[in-house]
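Report on the following structure.
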Amino acid sequence: MQANFQDQIAFYLTGRREGSKLKPLDGSYRPALFARVSDLASLRYDLPLILNVSGTADRVVLSLSHLIDEAVESLGQSADRDRIARHGYKLELELRKGSTANGSDDFGKMWSDAAARLSDNADPSMQDSAQKLWSHFDVAGTLVDADAEFPSRVVYHAWNAVQDTKAKRFRKKAERLLQKLRDILDAEAIGSAAGRAPDRLRAGVGTSFGTTFDFNAMSRILVEGKPGFELSGERRTRIKGLIEVLERQRFYPVGTNVDEPYSFAFFKCSDALDAYQERHDEAVELLRTLAIADLETKGEYRESVHDVLFDGFGSNGLDAEELAELPDYLVCTDAGTLDAVDTAQMVELLAAGLPIKVLVRTDDILEPSKVAEGHVALGLRARQLVDTAIGLTDVFVFQSGASHLFQMRESMIRALSYDGPALFSVFSGATGHNADMPPYLVAAAAMESRSFPALVYDPSAGADWATRLAVSDNPNLDDDWPVHSFAFEDETLQAGSENLAFTLADFMSMDDRFYGHYAIVEESYQSDGLIPISEALHADVTGLPSEVPYITLVDDKLTMQRAIIDDRLLLETRRCLTMWHSLQELGGIHNSHAERLLAKELKSRSAEAAANVGAAEVAQTEDAAVAEPTPAAVAPIDEPTAEDHGDDPYIESARCTTCNECTNLNDRMFAYNAEKQAYIADPDAGTFRQLVEAAEGCQVSIIHPGKPRNPKEPGIEDLIARAALFN
Amino acid sequence: MKVATQTISASECLLRMYDEHHEIEDYQKGVPRWCTGCGDNAILTAVQRLCRDEGLLPEKTVFVSGIGCSSRLPHYMNTYGFHGIHGRALPVAEGAKLARPDLDVFVNTGDGDCCSIGAAHWIHAVRYNMDLTMMLHDNQIYGLTKKQASPTSPIGTKSNTTPRGSYLEALNPLTVTLGISNVSFVAQVVDWIPEVLYQVISAAFHHKGFSFIRIVQRCPEWLPKQMDPWMHDPQRVLLLHHENGLEISPALAKVYTKMEEHDPANMNRAREIASSDDPIPVGILYRDDDIPCYEDVRHDSRLRTAEMVKNGLNAELDKFTVWPEGATHA
Ligand SMILES: Cc1ncc(C[n+]2csc(CCOP(=O)(O)OP(=O)(O)O)c2C)c(N)n1
Ligand code: SF4
Ligand code: SF4
Ligand SMILES: [Mg+2]
């Protein structure tokens, strides 16, 4: 064994470097795939974002780069398009630099400030470009870049936008109900004797005809001639009560309400829960008011039925759909400060199905385990919450790195609009252990390395896992790791390229707490025993290893370097991969059950196919001979048999035109049934003569007099003859 | 634990529990003053059955009419009603529907009311295609004013205005309606087959758009026996049926054997059928569900507060106000 390799094996097994030529890792190295991004501010990417307060739901969160591209696009082929675009990109860079420094600020102000900074007094074209682009933006709001506060800013903003929409919907409904309820009271006032008093009538007619009418007489006629319209005392009290509740409630400001509306955003679950409980009775009262007012304004409120029902309203708890009418609670928490009590409370809140949206922001997913040396938590606290929340089955769960919030905004808004609890787990990337690596990159790298995968679990999407869980926002979904082609030049300036996977070990190399698990192997010191980590993960090693895994880095002069890793790190990386595999399976990728079934099915099919070769021809001719007989024709519809009335008189009621002819003749003998069509109610309630005359008078000839019940009736012979025509 | 299925909100649930049950009598008001044997009675019964079967709320239902015997129908309905002025039932109904699209609005009119004095409104109502159900009670005569020839009186009809018989060929309400743009529902029925009368009114009610039904209605007072030849000979009635039109019950099919399968989407055939008055075609001649309704095209979602109505009226009136010299209006 080469001496170099011996040192490398020793490092791999023990993590010790002393006495070897292996060099320590430090902040001047970064993963090879990040070679290009040393100066992030000079690149175009999604961030910074604009938290837009004007426009539709799909424009709540906007990306500066997208916005500029759209604006340039909308210029069409105008002559100054190129110039404006160039200026646009300059402004974008300027803003990105500024935003990274400042956190967040008003976009409009930043835009004009940047334009002013970049303008040259002699050349007004920059200002012109800035104005032209601005006129295409149609936005208002703040510009934000990734930092520790970024996830809460974005989620809070989107939550606000969703609440605004809900508030509008509520207000529209409440104002409509209020108007209608007041109309009912007004109608009563107008219809009352006081409402028809001479003075009121005079006021109603106006000044021009004030002397034309005798309002006293008019009032007398109206008051006496038209019955008064008066609400029952209970109804009037009820309506006034409804109006009072709608005007007084503090969930959504409506109309003239002077009280400060409630706030629904909190930093602690316990505060949110306290507020929820404190307001619970009012919430029930408001929802009950809405339901009653709805019935009341439609005139469908029936005291006998509804009083009891509404008395018990809400005593059985309110369901998510009812609660969805009211504002959602938002709790923005920091995973780093959550203790066991907070976590337990959060789970309780989520499990209760309350309309609550919880953001758990994680700044550090590589927090070293307190119990096992070298073991990392991999965002344990957030992960536990996410796993539990998914297990609760009706919690909407959204997880993403801060870097992908823009890309996943549609899911984020869907989660915020969901009628039930939702959990947002977002990794900010502001770890504090990544040298000068910006949080945006750290967050993106975490998603890339599978240590903080994107996932969306939407309980309203369908009944099964396949429709509820989506992991498709992750890169290279079907693979273990995202693999990128990395281009370089060697010392002889020959171009080459290599495929590099981005693994947890690559991600961890950016974190100063783990530098000790890596050792840089200089070119001259390399051995044949080095293999890329993605291969090493699958090697089945028993006994002394014959290979040492490495990752590829670049130093600050952009020279490629290999760093070997120790055993501990390989284990962590493997654990991360296993976790990714189970997420893949849940998301329907490489599902082990499905794959097993598929293999079985394929096997049996190929066996069948083999057996069938040769037999095919025979089968074909047989098939024709035993072709199934066509089913018999549909049975004829049974015809209804005419009812036998014997000698009794009867009417073909279904054909009666309700013409009143027979009923006017004798309304005890002829009557209308529930369909308002005539039938013989009592054949003995009149004479046979009446029956015959009715039959003759019936224009549709559907009355059949039958035989006389009293043969002694005068002129019976003649009547029997006349009746014969209708029997 | 809640599974993501549809649940019913409290008020909906209560609504369902409170299932108002109506009888035909609940929709009846007063005693009809029509002559005994008048076909209007059959029409009244059919609409009352419809109201009961559809569970229409009296306070959400309006019957609008003009003037004539037929136009008395709203008086006999225990719903909202508007007995309008001669020929103007449709504009009133349109106004009601535009202001209150949540109401079910029916129009009852006569051959004089609709086809003479109200003819202009008839044409435009078809074109506006508002969601109304219109019943033209066609007794081929002015009934209320005691027998004057109407536009639909057959040529030669002797009446108080045409003692020597009317001179003109009758106007055919079906072919006229079918010729108007935006026409979306045209049917014909006779008052003496209650089953089909009900079916057609029901189909018209369910049609979203303006439904025009011509009902051949007997006036035994002024034109006795006028319709007897058709009433007593089922072969002189042509029943139209189709999977998208009427389904004829086996019992009816036994009596009325003259039938045609007619697809209400077929306008050309509808026009041919419409031009026959012997046999009388009965059924749905034409239907197009895709014509937009005027109230939807012109829907105004603003809340109509008293304030807003007042301001709107003032703004309109201001347009016609003569302002004294030097005065400025607000
Ligand atoms: C403006 C005006 N012109 C004339 C009349 C007189 N008038 C009352 S009813 C009627 C005709 C009604 O005929 P029709 O619509 O066929 O109704 P029917 O009575 O036949 O059902 C006329 C001309 C009137 N009421 N108002
Ligand atoms: S006379 Fe005939 S049509 Fe008229 S009500 Fe009696 S049964 Fe019915
Ligand atoms: S006059 Fe004719 S239309 Fe009028 S009620 Fe009498 S029968 Fe009916
Ligand atoms: Mg008439």
Side-chain angles (χ1 to χ4, degrees), chain A residues 172 175-176 179 183 186 287-288 290-295 298-302 305-306 309-310 313-314 318-322 324-325 351 353 392-394 420 458-463 468 637-640 654-661 663-665 672 674-677 697-701, chain B residues 1-15 17-18 20 23-25 28 32 34-46 48-49 52 57-60 102 191-195 197-198 218 220 224-225 227-228 231-232 249-252 254-255 301 303-306:
Chain A
K172 190 168 173 185
E175 278 168 4
R176 229 165 246 280
Q179 163 94 10
D183 280 354
D186 287 352
L287 291 173
R288 185 180 54 211
L290 289 174
I292 298 180
D294 189 41
L295 290 170
K298 288 193 207 144
E300 283 165 9
Y301 193 92
R302 302 286 182 273
V305 186
H306 294 133
L309 288 169
F310 280 110
F313 185 90
L318 298 168
D319 70 27
E321 216 156 317
E322 287 163 336
E325 293 226 45
L392 293 173
T393 73
D394 64 350
D458 178 357
S460 64
R468 288 178 164 209
I637 302 164
D638 276 1
E639 284 180 21
R655 291 179 56 203
C656 167
T657 66
T658 326
C659 80
N660 301 340
E661 193 86 59
T663 51
N664 279 352
L665 198 72
Y672 288 128
E675 299 299 309
K676 212 174 159 189
Q677 289 178 309
C698 173
Q699 295 180 55
V700 276
S701 315
Chain B
M1 195 171 293
K2 182 180 167 274
V3 191
T5 49
Q6 284 281 325
T7 51
I8 306 164
S9 80
S11 64
E12 262 182 277
C13 175
L14 290 174
L15 273 178
M17 287 179 58
Y18 181 62
E20 212 159 344
E23 303 288 347
I24 281 191
E25 296 88 79
Q28 174 70 43
W34 291 313
C35 308
T36 301
C38 172
D40 286 335
N41 289 297
I43 302 173
L44 178 68
T45 301
Q48 288 175 340
R49 271 178 70 192
R52 177 201 59 188
L57 299 171
E59 67 272 27
K60 287 280 205 177
D102 57 316
D191 75 26
W192 61 87
I193 314 182
E195 182 180 330
L197 178 63
Y198 172 81
R218 292 160 300 152
K225 306 212 178 294
M227 300 316 295
D228 279 10
M231 227 163 64
H232 295 146
S249 72
L252 204 64
K254 255 172 72 183
V255 182
S301 66
L303 183 59
R304 200 179 284 261
T305 58

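Quick caveat: nothing in here was measured; it's all calculated off a predicted structure. Chain A is the first sequence line, chain B the second, and so forth, proteins listed ahead of strands; every chain is numbered from 1.
- Only the side chain of A:Ser701 comes within less than 4.5 Å of a heavy atom in chain B; its backbone stays farther off.
- Of all heavy-atom pairs spanning A:Val700 and B:Trp192, the tightest one is CG1-CB, 3.6 Å.
- Highest contact tally toward chain A, considering only B:Ala46, B:Ala42, B:Pro194, is held by B:Pro194 [criterion: heavy-atom pairs under 4.5 Å].
- A donor-acceptor distance shorter than 3.5 angstrom exists from the side chain of A:Gln699 to the backbone of B:Gly37, with no hydrogens or angles considered.
- Interatomic distance, OG1 of B:Thr45 versus OH of A:Tyr672, reported as 7.0 Å (0.5 Å rounding).
- Options A:Gly299, A:Gly353, A:Ala674 differ in how many heavy-atom pairs under 4.5 Å they form with chain B, and the most are formed by A:Ala674.
- In this structure, CD1 in B:Ile43 is found 10.0 Å from OG1 in A:Thr657, a value given to the nearest 0.5 Å.
- The candidate with the highest count of non-hydrogen atom pairs below 4.5 Å against chain A, out of B:Gln48, B:His232, B:Arg218, is B:Arg218.
- Of all the listed residues (A:Gln677, A:Glu675, A:Glu661), the one sharing the greatest number of non-hydrogen pairs under 4.5 Å with chain B is A:Glu675.
- In terms of heavy-atom pairs under 4.5 Å with chain B, the best-connected choice from A:Arg288, A:Glu325, A:Lys172, A:Gln179 is A:Gln179.
- Looking at residues two or more places apart in sequence or on another chain, you find a salt bridge (charged side-chain N to carboxylate O under 4.0 Å, His left out) between A:Arg655 and A:Glu652.
- A salt bridge is defined here as a Lys NZ or Arg NE, NH1 or NH2 lying under 4.0 Å from an Asp or Glu carboxylate O, and B:Glu23 with A:Lys676 fails to meet this definition.
- Distance check, rounded to the nearest 0.5 Å: CG of B:Leu57 to CD of A:Glu300 gives 5.5 Å.
- Listed by chain and number, the residues in a salt bridge (charged side-chain N to carboxylate O under 4.0 Å, His left out) with A:Asp183 amount to none (sequence neighbours excluded).
- Interface residue B:Pro220: only side-chain heavy atoms are found under 4.5 Å from chain A.
- Contacts between A:Cys656 and chain B at a heavy-atom distance below 4.5 Å involve the backbone alone (N, CA, C, O).
- For the pair B:Asn41 and A:Thr658, the tightest heavy-atom approach, listed with the atom from each and the gap, is CB-O, 2.9 Å.
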